[in-house]
Amino acid sequence: MIDLKLLRASPAQVRAALARRGDSSLTRLLDEIEALDMKRRTLTAQLDQLKAERNDAARADALVAKAQGGLPEATAVARRKLGERITALESELRQIETTLEAKALFVPNPPLPEVPEEPTILRSWGTPAAKGGKPHWEIAERLGILDLPRGAKLSGSGFPVLVGAGARLARGLINFMLELHTREHGYVEVEPPLLVRREVMIGTGQLPKFEDDAYRTATDDLFLVPTAEVPVTNLHRDEILDGRTLPMGYVAYTPCFRREAGAAGKDTRGLLRVHQFDKVELVRFCRASDSPVQHETLTGHAETVLQQLELPYRVVVLPANDLGFAGAKTYDLEAWAPGVGQWLEVSSSSTFTDYQARRANIRCRPRPGEKPEFVHTLNASGVALPRTIAALLETHQQPDGSVTIPPALVPYVGTDRLA
RNA sequence: GGACAGGUGGGUGAGCGGUUGAAACCGCCGGUCUCGAAAACCGGUAUGCCCGCAAGGGCAUCGAGGGUUCGAAUCCCUCCCUGUCCGCCA
């Protein structure tokens with residue numbers, strides 16, 4: 001949630017920051033929000049004064065009523081009139097507040113100042129193989145580990161079926177990542193619900209603006225999670241965390257469900273864009289002052305996965321106009337896939353500053369006795385499976401059509417070669 | 001799905017319709033005592049919004065919304081949630 005106080009105090013800066021996202025409709029939205037905010041404050045001041053009057057009167061009336069067993073009719077009438085006026089103003093105020101909040105939920109997080117205008121490669125790791133070899137779907141077909149037609153039969157396109165060693169590869173990857181993050185990186189593993197309430201989706205920023213992208217159950221108004229970020233970040237909604245326990249991190253494996261509403265026709269082949277996929281997600285909570293460091297740490301944790309899988313990758317800073325709705329700064333980890341000749345986004349590592357914390361009301365008390373403050377939330381894929389599997393198959397494919405399994409993964413897959 | 005019970009501050013848990021933001025206890029912070037600690041004792045400990053440079057002041061909040069009333073944590077209605085039992089069931 002945008003900080004209305006900040007918008008009020010320095011509207012020019014907030015507007016300038018948001019303008020970098022390149023969404024021209026925001027100007028008008030902010031105009032409306034500022035106007036409503038002004039109205040709200042005027043009304044509130046007026047109401048507070050009337051209520052103060054009523055409170056004073058009620059205190060005095062209590063004594064009179066007790067002494068005389070009732071209130072003089074004239075007094076009662078005057079009080080009633082005051083009450084009616086208050087009620088009327090209150091309903092007006094409530095309407096303004098409802099509208100204001102509804103609009104404010106559509107304002108994205110302002111990018112951090114250091115976020116560039118153009119995609120910027122920050123660093124890269126490993127030596128990308130020359131473009132060539134087979135694309136992953138051909139490799140997978142030959143190995144008999146992926147069945148797209150049958151997935152389509154069950155659920156439509158974008159619902160892959162992993163078979164045999166493919167299913168085992170996925171399971172091995174999940175276990176490998178969970179073990180790495182819990183044992184080496186200190187994350188607490190959670191297995192969250194996959195269906196969540198509407199307000200939970202609002203908390204992390206998927207709703208209200210992107211309802212079309214989510215799968216929703218009609219009868220219960222629950223949403224299939226598009227990422228574990230949603231349930232895991234909201235784990236602490238409406239809580240005041242003990243600041244001494246921060247920073248803290250959770251890791252969760254979940255399937256993810258995305259309608260990919262705007263992406264029809266893109267990356268339709270293979271595993272690059274699907275409606276259901278597995279992902280291991282890292283979520284961190286920290287003090288505001290700590291989030292820049294935490295973001296780097298977090299990104300490093302995701303990178304470790306790719307390094308251990310021996311997948312060359314690069315780290316890209318997303319430009320302001322490509323940031324997700326709630327993100328203030330994002331690094332994409334892109335693994336090289338020689339078969340399709342593309343850098344594949346296998347992880348997105350973002351800091352959300354206090355934006356999600358405001359929406360989900362997640363605070364911390366830095367030390368006992370101190371004032372609560374909003375935490376900062378961050379998350380990164382650690383990592384997403386389908387594209388990682390694609391990069392893995394294409395990178396480690398052998399001339400004979402087999403695929404070698406990187407040593408770190410062998411214990412989890414139970415073989416050093418898919419053939 | 002059916003029948004009950006209940007939702008109060010960081011936690012547990014009291015609260016005749018009228019100085020109740022709300023007892024008590026726990027926790028936490030500070031102090032006394034101690035070589036130090038524990039215990040004991042004393043004091044302090046909610047959040048949000050608004051005005052103000054500040055000191056300070058005002059308003060709101062007892063699940064949410066609406067209603068009754070001069071006045072609601074307290075009465076009424078609706079909704080949400082939680083728990084227990086029954087039914088169904090991996």
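Every value quoted in this text rests on a predicted model; they were computed, and no experiment measured them. Chain A is the first sequence line, chain B the second, and so forth, proteins listed ahead of strands; every chain is numbered from 1.
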Anything under 3.5 Å between a donor and an acceptor, one on a side chain of residues 286-296 of chain A, the other on a protein residue two or more places apart or in another chain? List them.
{"from": "A/R287", "atom 1": "NE", "to": "A/E373", "atom 2": "OE2", "distance (Å)": "2.7"}
{"from": "A/R287", "atom 1": "NH2", "to": "A/E373", "atom 2": "OE2", "distance (Å)": "3.4"}
{"from": "A/D290", "atom 1": "OD2", "to": "A/Q294", "atom 2": "NE2", "distance (Å)": "3.0"}
{"from": "A/S291", "atom 1": "OG", "to": "A/A288", "atom 2": "O", "distance (Å)": "3.3"}
{"from": "A/S291", "atom 1": "OG", "to": "A/H376", "atom 2": "ND1", "distance (Å)": "2.8"}
{"from": "A/Q294", "atom 1": "OE1", "to": "A/R284", "atom 2": "NE", "distance (Å)": "2.7"}
{"from": "A/Q294", "atom 1": "OE1", "to": "A/R284", "atom 2": "NH2", "distance (Å)": "2.9"}
{"from": "A/H295", "atom 1": "NE2", "to": "A/S349", "atom 2": "O", "distance (Å)": "2.9"}
{"from": "A/H295", "atom 1": "NE2", "to": "A/S349", "atom 2": "OG", "distance (Å)": "3.4"}
{"from": "A/E296", "atom 1": "OE2", "to": "A/Y331", "atom 2": "OH", "distance (Å)": "2.5"}

Any strand counts, and the cut-off is 3.5 Å on both contacts for Watson-Crick or G-U wobble. Which nucleotide pairs with [N]?
| N | result |
| --- | --- |
| B/U20 | none |
| B/G30 | B/C42 |
| B/G65 | B/C77 |
| B/G36 | none |
| B/G1 | B/C86 |
| B/C59 | B/G48 |

Rounded to whole Å, please give me the gap between [atom1] in [X] and [atom2] in [N].
| X | N | atom1 | atom2 | result |
| --- | --- | --- | --- | --- |
| A/E239 | B/G11 | CD | P | 10 Å |
| A/D221 | B/C79 | CG | P | 17 Å |
| A/N361 | B/G63 | CG | C1' | 15 Å |

A/H181 and A/F176: aromatic ring centres closer than 6.0 Å?
no
Any chance the rings of A/F325 and A/F210 have centres within less than 6.0 Å?
yes
Return the 5'-most residue of the pair A/I240, A/R40 with respect to RNA chain B, ranking by each residue's nearest nucleotide.
A/I240
Hey, does the side chain of A/R387 reach the backbone of A/W343 with a donor-acceptor pair shorter than 3.5 angstrom?
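No; judged by distance alone, with no hydrogens or angles, the pair does not exist.
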Please produce a list of atom pairs where a protein N or O lies less than 3.5 Å from an N or O of nucleotides 51-53 of chain B.
{"from": "B/C51", "atom 1": "OP1", "to": "A/R41", "atom 2": "NH1", "distance (Å)": "2.6"}

So A/Y187 and A/H301, would you call those rings parallel, tilted or perpendicular, with 30° and 60° as cut-offs?
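Taking A/H301 first and then A/Y187, their aromatic rings stand perpendicular (interplane angle over 60°).
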Work out how far the [atom1] atom of [N] is from that of [M], and round it to whole angstrom.
| N | M | atom1 | answer |
| --- | --- | --- | --- |
| B/C16 | B/U12 | C1' | 24 Å |
| B/G58 | B/G63 | C1' | 27 Å |
| B/G17 | B/U74 | P | 11 Å |

N/O donor to acceptor pairs below 3.5 angstrom from side-chain atoms of residues 411-419 of chain A, sequence neighbours left out:
{"from": "A/T415", "atom 1": "OG1", "to": "A/R417", "atom 2": "N", "distance (Å)": "3.2"}
{"from": "A/T415", "atom 1": "OG1", "to": "A/R417", "atom 2": "O", "distance (Å)": "3.0"}
{"from": "A/R417", "atom 1": "NH1", "to": "A/S402", "atom 2": "OG", "distance (Å)": "2.7"}

According to side chain to side chain contact (heavy atoms under 4.5 Å, CB included), who are the partners of A/P119, at least two apart in sequence or on a separate chain?
A/V316, A/P319
A/R365 side chain N/O closer than 4.0 Å to the phosphate oxygens (OP1, OP2) of B/A46?
no
Phosphate-side-chain proximity, A/K5 and B/C49, N/O vs OP1/OP2 below 4.0 Å:
yes
Quick check for you: to the nearest 0.5 Å, what is the distance between A/E211 atom CD and A/R259 atom CZ?
10.0 Å
Going by ring pair (Phe, Tyr, Trp, His ring centres under 6.0 Å), name the residues that satisfy it together with A/Y313, two or more places apart in sequence or in a different chain.
A/W125
Which protein N or O atoms sit under 3.5 Å from an N or O of nucleotides 55-62 of chain B?
{"from": "B/G58", "atom 1": "N2", "to": "A/D48", "atom 2": "OD2", "distance (Å)": "3.2"}
{"from": "B/C59", "atom 1": "OP1", "to": "A/N55", "atom 2": "ND2", "distance (Å)": "3.2"}
{"from": "B/C59", "atom 1": "O2'", "to": "A/D48", "atom 2": "OD1", "distance (Å)": "2.8"}
{"from": "B/A60", "atom 1": "OP2", "to": "A/N55", "atom 2": "ND2", "distance (Å)": "3.3"}

